[in-house]
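A short worksheet on the structure shown next.
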Amino acid sequence: MSRRMSELSSPYQVCVAGTGSYVPERILTNEELAAKVDTSDEWIVTRTGIKERRIAAEGEFTSHMATHAARRALEQAGLAAEDVELIIVATITPDTPTPATACYVQQSLGANHAVAFDISAACSGFLYAMKISKRLISDGAFKNALIIGAEKLSAVTNWEDRTTCVLFGDGAGAAVLRRAEPHEGSILATEMGTDGNLTHLLNIPGGGTACPITSANVNDHLVTLTMMGKEVFKHAVNRMKEAAEKVIDRADLKAEDIACVIPHQANLRIIDAIADRLAVPNERVFVNLDKYGNTSAAAVAIALDEANRTGAFKRGEHIVLVVFGAGLTWAAAAIRW
Ligand code: UT7
């Protein structure tokens with residue numbers, strides 16, 4: 001059976017019933033960064049498109065941001081926390097190594113009947129969570145799922161490294177997935193991929209068993225994000241284009257059928273290159289990285305919520321989400337809203 005047939009012939013179709021997002025209050029501008037490291041607003045804007053990013057307060061953790069975003073998504077979906085059956089948090093900046101951040105979110109929401117766990121797929125995590133939960137709902141194991149991308153990247157940023165510290169920010173986005181009624185929209189096609197041969201291009205080397213947290217390792221900036229930006233850039237464009245094309249094809253769509261493409265928010269030049277290769281005009285590509293920078297797993301989730309709430313697409317229209325991140329990992333989804 002082809003992948004297209006198997007996705008469409010699952011017992012239940014799955015829709016996105018609500019979205020939500022949250023970003024911390026504190027805005028960190030390019031000018032403020034230029035006062036700390038050797039950079040400029042002009043360099044950051046022309047090379048990345050980022051103008052400012054949000055920074056979580058000291059006592060504000062990933063689970064707090066995730067909970068705010070989740071409450072908004074639940075409210076829009078009209079789903080009570082106690083009726084949530086599954087919570088997946090995608091994050092590389094969990095509150096604690098264990099238990100999972102999803103467990104803290106379950107507690108703070110009062111979602112006492114949910115199964116809750118985290119996944120670690122960097123910037124691709126939200127769409128990994130979407131594919132996993134879509135399959136679990138369509139197979140009948142769960143009736144609904146709350147999926148969340150949430151990150152406090154400011155906690156793992158080397159604030160002395162101008163090649164990375166200008167890129168990242170904090171925030172959270174969430175979506176409620178549930179069984180779709182026949183007249184409702186549905187997630188039509190999903191795709192995900194990984195290339196573990198390229199782990200070295202983008203990683204946090206320390207903090208795990210390979211390089212434990214010691215004061216020496218912390219002082220050597222081994223527990224902060226490092227990236228070979230140029231290499232990552234090339235892979236990002238190619239992998240996101242391929243993943244988007246796959247879901248567009250499996251959903252039987254053409255470029256002109258897509259009301260909105262929502263890509264990972266890492267670099268405006270990457271987004272423009274993908275729009276160009278997919279032949280989707282820029283005005284149908286959602287961008288908010290100027291306000292938030294790259295928030296890893298949260299980025300596409302926040303963008304989905306903002307696009308949804310600002311009317312970038314309507315009921316019955318088709319959207320495509322596509323992401324890329326450390327791993328390397330990538331994923332895409334085509335949805336009839
Ligand atoms: O979220 C996961 C996926 N992540 C991505 O997809 C990110 C992909 N990569 C990128 O977005 C880009 O590669 C960056 C924005 C990270 C860097 O842009 P670039 O055009 O690839 O710049 P570069 O790294 O080649 O650096 C060009 C120059 C270098 O100077 P020299 O060697 O030419 O003298 C850098 O040292 O720019 C310099 N530079 C900076 N200058 C001012 C690097 N960072 C900065 C900075 N301010 N912040």
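Since the model is a prediction, treat every value here as computed from it, not as a measurement. Just follow the structure's listing: the first ligand is 1, and inside any ligand the first atom is 1.
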Could you list which atoms of ligand 1 come closer than 4.0 Å to a heavy atom of [X]?
{"X": "Met227", "value": "4 (N), 7 (C), 16 (C)"}
{"X": "His264", "value": "1 (O), 2 (C)"}
{"X": "Val166", "value": "48 (N)"}
{"X": "Arg47", "value": "19 (P), 20 (O), 22 (O), 27 (C)"}
{"X": "Cys123", "value": "1 (O), 2 (C)"}
{"X": "Thr163", "value": "43 (C), 44 (N)"}

Can you find a heavy atom in the side chain of [X] that is under 4.5 Å from one in the side chain of [Y]?
{"X": "His235", "Y": "Leu202", "value": "no"}
{"X": "Ile50", "Y": "Gln265", "value": "no"}
{"X": "Leu321", "Y": "Ile319", "value": "yes"}

Glu184: which of Arg336, Arg178, Arg315 passes salt bridge (Lys or Arg N to Asp or Glu O under 4.0 Å): Arg178
Which residue owns the protein heavy atom closest to [atom], what's the atom, and how far is it?
{"atom": "atom 30 (O) of ligand 1", "value": "Arg162 NH2, 4.4 Å"}
{"atom": "atom 1 (O) of ligand 1", "value": "Asn294 ND2, 2.6 Å"}
{"atom": "atom 47 (N) of ligand 1", "value": "Thr39 OG1, 2.7 Å"}
{"atom": "atom 18 (O) of ligand 1", "value": "Arg269 NH2, 3.4 Å"}
{"atom": "atom 10 (C) of ligand 1", "value": "Asn267 ND2, 3.5 Å"}
{"atom": "atom 4 (N) of ligand 1", "value": "Val232 CG1, 3.7 Å"}
{"atom": "atom 43 (C) of ligand 1", "value": "Trp43 CZ2, 3.5 Å"}
{"atom": "atom 6 (O) of ligand 1", "value": "Ile270 CD1, 3.3 Å"}

Is a side-chain donor or acceptor of Arg179 paired with a backbone partner of Lys143 at a separation under 3.5 angstrom?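 Not confirmed, Arg179 side chain does not pair with Lys143 backbone.
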Looking at atom 33 (O) of ligand 1, tell me if a protein heavy atom falls under 4.0 Å from it.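 So far as the 4.0 Å threshold goes, atom 33 (O) of ligand 1 is out of reach of every protein heavy atom.
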Is atom 25 (O) of ligand 1 near the protein, in the sense that some protein heavy atom lies at less than 4.0 Å from it?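 For atom 25 (O) of ligand 1 the answer is yes, since some protein heavy atom falls inside 4.0 Å.
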So, 4.0 Å and heavy atoms of Thr48: is ligand 1 close enough to count as a contact? yes
Hey, what's the ring geometry for Phe313 with Trp337, parallel, tilted or perpendicular (30° and 60° as the breaks)?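 Perpendicular: the ring planes of Phe313 and Trp337 meet at over 60°.
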Can [X] and [Y] be counted as having a side-chain donor-acceptor contact under 3.5 angstrom?
{"X": "Gln76", "Y": "Asn308", "result": "yes"}
{"X": "Glu151", "Y": "Thr93", "result": "yes"}
{"X": "Thr67", "Y": "Ser108", "result": "yes"}

Using a 4.0 Å heavy-atom cut-off, which part of [X] comes near ligand 1: side chain, backbone, both, or neither?
{"X": "Asp38", "result": "backbone"}
{"X": "Phe233", "result": "both"}
{"X": "Leu202", "result": "side chain"}

Is there a path of hydrophobic side-chain contacts, each under 4.5 Å between heavy atoms, that joins Val323 and Val232?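 Shared cluster, no.
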Let me check something: do Leu225 and Leu201 share a hydrophobic cluster, defined by ILVMFWY side-chain heavy atoms less than 4.5 Å apart, either directly or through other members? yes
Only one of Ile258, Asp257, Asp252 passes side-chain contact (heavy atoms from CB on, under 4.5 Å) with Lys254, and that residue is Asp257
Check this for me, if you would: do Arg26 and Glu60 make a salt bridge, where the nitrogen-to-carboxylate-oxygen distance has to be below 4.0 angstrom? no
Which is closest to atom 21 (O) of ligand 1 by heavy-atom distance: Lys234, Lys230, Met240? Lys230
Closest to atom 13 (O) of ligand 1 (judged by heavy-atom distance), picking from Gly293, Gly229, Ala299: Gly229
